[in-house]
Protein chains: 2
Amino acid sequence: MSLPHAILTALLEKPSSGLELTRRFDRSIGYFWSATHQQIYRELGKLEQAGQIRALVPAQPARGQKKEYEVLPAGREALSVWVARPEDPKQIRDPLLLRMRAAAVVGAPGLDTELRRHLALHRRQLAEYLAIEERDFPPERTAAQDRLRHLVLRGGIDLENFWIGWLTRALADDAVPEAPEPE
Amino acid sequence: MSLPHAILTALLEKPSSGLELTRRFDRSIGYFWSATHQQIYRELGKLEQAGQIRALVPAQPARGQKKEYEVLPAGREALSVWVARPEDPKQIRDPLLLRMRAAAVVGAPGLDTELRRHLALHRRQLAEYLAIEERDFPPERTAAQDRLRHLVLRGGIDLENFWIGWLTRALADDAVPEAPEPE
DNA sequence: CACTCCATGTAAGTCGTTACATGATTCG
DNA sequence: CGAATCATGTAACGACTTACATGGAGTG
């Protein structure tokens, strides 16, 4: 039930077309809620049907025509309700942790290589977040909105730091079977 | 594509019936890959069809009859292949972070209460993990299997610590609205 | 024998992924 | 005008969720 609310949030921040939304989901919003353009178009259709958003430039129902959406009062209301509703944290579901557990049973030559690869990916992601932080959240600005968005970004940063720490430790612990040396 | 491999791992650790698997997915395995009993029964059917597991006590195809499954060589092989295959980390997808972002747009009276609730839940989960660590991983035992499984548990522990740290900071930062905000 | 719990399963619907289709626009 | 790119959309499938159905076994 999160995708429609992610879209409403994005549209409130800035009215957009489907493709623009897709692009934004590849950047800021997508850093904590990803979605493909097919999901987005389908959901836009549902939200329009439900009277929570509406398309500007309504005249042309043509196929390749750009359609910009904006949020209606009903949509803003629905989003407010969702934000206020308690929701328990989801169970963890991580394929890498699962693979380690499986490796404890069937063995895993080369798993250390995979861990190093993940470590590099997380370091890159962390660097990207830190660059965004430096660009968007200089120390002096402290509007409430900014602080909330900064907190969300800090969440991403902390998560990457968790992975980097855990992977580093895993590799140092020497518990992970090593890959055969390449020639 | 992770669920069948989670089941194979669980069955290799100990042959079980569907309901026993469900229970184990509520405990150890489920700490990093959760699944409902419907998912598990369906997947058990597929795995049996595919010749990767087989049911013991085969005579009775009765409905309420307990069926114990064990992994066949083909299943073990399939699991080994999966463990060795590279797979990129998934994008973050967290409803709480999304709600915070939405709160930056529509406001969120009482969000701090929700954060405190999450904080308590994560502290409880952490305590549970630490109890398991103390019970299952005393300092002296260092078999390779144990170290891998310990690493996985450390992953869970570190993740809970991430949430506790982030939530604590969020509450301390005073960026989270405690009362309705005008727009 | 009614009740409860154990155990397996069906059904329906939503969400997410992958592949592909089609019209509109721009630019050499 | 031909090709690339922009933009929206269809189709199909698999994963996940929720609600419910059915049979078996033990117990008062």
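Letters go in sequence order (proteins before strands), and every chain restarts at 1.
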Distance test, side-chain N/O of Tyr41(B) to OP1/OP2 of dG9(C), below 4.0 Å:
no
Give a yes/no answer on whether the side chain of Lys67(B) brings an N or O atom under 4.0 Å of OP1 or OP2 in dG9(C).
yes
Within the 4.0 Å heavy-atom criterion, would you say Thr22(B) contacts the bases, only the backbone, or no part of the nucleic acid?
nothing
The single option from Tyr129(B), Phe162(B), Trp163(B) passing ring pair (Phe, Tyr, Trp, His ring centres under 6.0 Å) against His122(B)
Trp163(B)
Rounded to whole Å, how long is the line connecting atom [atom1] of [X] with atom [atom2] of [N]?
X	N	atom1	atom2	value
Ile40(A)	dT14(C)	CD1	P	20 Å
Arg23(B)	dC5(C)	CZ	P	12 Å
Leu19(A)	dT8(D)	CG	P	6 Å

Sugar-phosphate means primed atoms, P, OP1 and OP2; the rest is base. With that split, encode nucleotides 15-20 of chain C 5' to 3' as B, S or - using protein heavy atoms under 4.0 Å.
BBBBBB
Distance, nearest 0.5 Å, that separates CG of Leu96(B) from NE2 of His118(B):
5.0 Å
Hey, are Ser28(A) and Arg101(B) close enough side-chain-wise for a donor-acceptor pair under 3.5 Å?
yes
Do Gln125(A) and Tyr31(A) meet the criterion of a side-chain donor-acceptor pair at a distance under 3.5 Å?
no
Do any N or O atoms from the side chain of Arg99(B) and from the backbone of Val83(A) form a donor-acceptor pair under 3.5 angstrom?
yes
For Leu98(B) and Ser2(A), work out which heavy atoms get closest and say how close.
CD2-O, 3.7 Å
